[in-house]
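Heads up: the structure comes next, in structure tokens.
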Amino acid sequence: MTIGRMENVEVFTSEGKGRGLKATKEFWAADVIFAERAYSAVVFDSLVNFVCHTCFKRQEKLHRCGQCKFAHYCDRTCQKDAWLNHKNECSAIKRYGKVPNENIRLAARIMWRVEREGTGLTEGCLVAVDDLQNHVEHFGEEEQKELRVDVDTFLQYWPPQSQQFSMQYISHIFGVISCNGFTLSDQRGLQAVGVGIFPNLGLVNHDCWPNCTVIFNNGKIELRALGKISEGEELTVSYIDFLNVSEERKKQLKKQYYFDCTCEHCQKKLKDDLFLGVKDDPKPSQEVVKEMIQFSKDTLEKIDKARSEGLYHEVVKLCRECLQKQEPVFADTNLYTLRMLSTVSEVLSYLQAFEEASYYARRMVDGYMKLYHPNNAQLGMAVMRAGLTNWHAGNIEVGHGMICKAYAILLVTHGPSHPITKDLEAMRVQTEMELRMFRQNEFMYHRMREAALNNQPMQVMAEPSNEPAPALFHKKQ
């Protein structure tokens, strides 16, 4: 796929949404509609020493820029590739005497590029940075205050010998970052590591049940089709996670992106009945349901506190108690039940209590399958984790089935060359081989598995974090 070749799409006026992008030809699931490199991008403040500032890969050992001592790179190649974008930043950091936050660093990188290339369209871009939406006029009091602080700091950081921009233009760029910043993830797609501006992607409108997904892979984003898209059809992505009732999603979109969602799922409140699902037989009273929602909310607060303090056994205890109380009231697609199942399966896996974790993970996946789009990336990742948990628990058939299912989803959402898809393919081959052995001789299989696990330390799950999965678009909450 050639970066920047945009003949597959065209800009049009989308009814009630302003500009949008539509397909100029037919697409099928897993097709890459376009790929785009960032106009400008930076690593998050908290990860500047652990992630390469050019390719955004997490590395154990990184080379530091000898001049500013701030920028870090995989090797000389990444350092050389970065110099055009880092040159001004390098001297600005030395002059300023400290490193400003990620927002200011990104705004400065954008403006140095504008200084170099002008404000018009750059090669392969359908829209200039100047013409991206900034929504500054919709900022609330708190956001206005933050903007003023950012602009003040920017003016101190910005070198006097660089081109001087008006206050209005600087505010516009901060507004663009706020509304169009896209989250960059590490090479395996598991952790958010930075934020970038991708002008073409900024033209793609939101839909809660979209026909495309975006993935960051090897230094570029790819807009990938989730199913059949007809010629002339609008291309959409979801700016937020679908897993919420329509009213809450609409509130979140209004607060973060300043528009009223009019997608079919929000207008018809599709799947809201499942998100709020209660048991049928016997059906609990409204009063009981209300009490259970409050109890679940209170428990989630306690869980967050315990997680932040690293009290994982306490988290498990709280989840078990809550799930037991929810059992006669909520259906397995209920949001509060799913949040408990997701938390308890993740934490138990980390504590290596795989048997119990696998039971909760299976229930969680059953619920997710009824709610998410069949080719949703978050569904794929959740099924993959559940498959791994079941494999660790010795449920080889269930584990293999889930890993195959996750692999099929990720082939669409991430593509075969993405590192996480390659990892999954290796797991699929391994579990398939084990399954064959298991079916031929169950006793021998368990003996060999035990010996293998005793000889080789079991792959431990990552420590659970309070951070949600990387969101598509980077937005201050």
Side-chain angles (χ1 to χ4, degrees), residues 37-49 51-54 56 64-73 79-122 125 127-139 142-184 193-199 202 474-476:
R37 290 207 185 277
Y39 182 84
S40 293
V42 294
V43 173
F44 286 150
D45 296 337
S46 56
L47 295 168
V48 291
N49 300 333
V51 172
C52 173
H53 291 213
T54 301
F56 293 88
R64 197 167 65 162
C65 170
Q67 302 276 320
C68 64
K69 309 279 190 279
F70 161 69
H72 287 72
Y73 305 105
Q79 189 164 4
K80 213 162 104 225
D81 289 349
W83 185 240
L84 181 65
N85 290 310
H86 178 56
K87 187 167 67 171
N88 295 104
E89 177 182 72
C90 192
S91 55
I93 287 169
K94 283 190 291 182
R95 189 190 71 86
Y96 187 50
K98 55 187 174 192
V99 179
N101 71 35
E102 64 217 25
N103 244 17
I104 287 149
R105 288 187 287 117
L106 182 54
R109 280 186 164 227
I110 291 169
M111 283 185 256
W112 278 314
R113 184 156 178 186
V114 168
E115 182 182 42
R116 280 199 313 272
E117 298 175 5
T119 55
L121 284 175
T122 51
C125 276
V127 61
V129 171
D130 279 22
D131 295 328
L132 286 172
Q133 281 193 312
N134 64 52
H135 286 295
V136 171
E137 72 278 13
H138 296 130
F139 279 16
E142 200 50 46
E143 287 172 307
Q144 289 283 2
K145 211 162 85 185
E146 282 175 15
L147 177 62
R148 283 195 294 276
V149 171
D150 277 348
V151 170
D152 284 350
T153 312
F154 175 86
L155 290 169
Q156 292 166 41
Y157 172 63
W158 188 250
Q161 70 274 19
S162 286
Q163 182 184 333
Q164 297 304 303
F165 294 95
S166 69
M167 295 287 273
Q168 196 183 347
Y169 190 79
I170 297 166
S171 298
H172 164 73
I173 294 297
F174 278 112
V176 163
I177 292 168
S178 176
C179 301
N180 297 275
F182 180 81
T183 306
L184 308 181
V193 296
V195 55
I197 293 294
F198 297 81
H474 175 66
K475 182 79 189 167
K476 283 186 192 163

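Computed from a prediction, not measured in an experiment: that's the story for all the values here.
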Heavy atoms only: give me the nearest C68-I93 pair and the separation to one decimal. CB-CG2, 4.2 Å
Taken in chain and number order and not counting sequence neighbours, the residues that satisfy ring-ring contact (aromatic ring centres under 6.0 Å, His included) with F70 are H53
Can you name the residues that form a ring-ring contact (aromatic ring centres under 6.0 Å, His included) with F56, not counting sequence neighbours? none
Hey, could you give me the [atom1]/[atom2] distance between [X] and [Y], rounded to the nearest 0.5 Å?
| X | Y | atom1 | atom2 | result |
| --- | --- | --- | --- | --- |
| H135 | C179 | NE2 | SG | 5.0 Å |
| L147 | I170 | CG | CD1 | 10.0 Å |
| Y96 | S91 | OH | OG | 15.0 Å |
| F154 | L106 | CZ | CG | 11.0 Å |

Are more than 12 heavy atoms, taken from residues, nucleotides or ligands other than Q79, located less than 6.0 Å from that residue's CD atom? yes
Taking the side chain from [X] and the backbone from [Y], do they hold a donor-acceptor pair closer than 3.5 Å?
| X | Y | result |
| --- | --- | --- |
| N103 | F174 | no |
| E102 | D45 | yes |
| R105 | V43 | yes |

Could you pull out every donor-acceptor pair under 3.5 Å between side chains of residues 80-88 and any protein atom, sequence neighbours left out?
residue, atom, partner, partner atom, Å
N85, OD1, R116, NH2, 3.3
H86, ND1, E89, OE1, 2.7

Within residues 154-171 or reaching into it, pairs that qualify as side-chain hydrogen bond (donor to acceptor under 3.5 Å, both in side chains) - sequence neighbours excluded: W112-S162, D130-Y169
Who passes side chain to side chain donor-acceptor pair (under 3.5 Å) against N134, sequence neighbours left out? H172
Taken in chain and number order and not counting sequence neighbours, the residues that satisfy side chain to side chain donor-acceptor pair (under 3.5 Å) with K94 are Q67
Sole candidate of I197, I173, I177 that passes side-chain contact (heavy atoms from CB on, under 4.5 Å) when paired with L132: I197
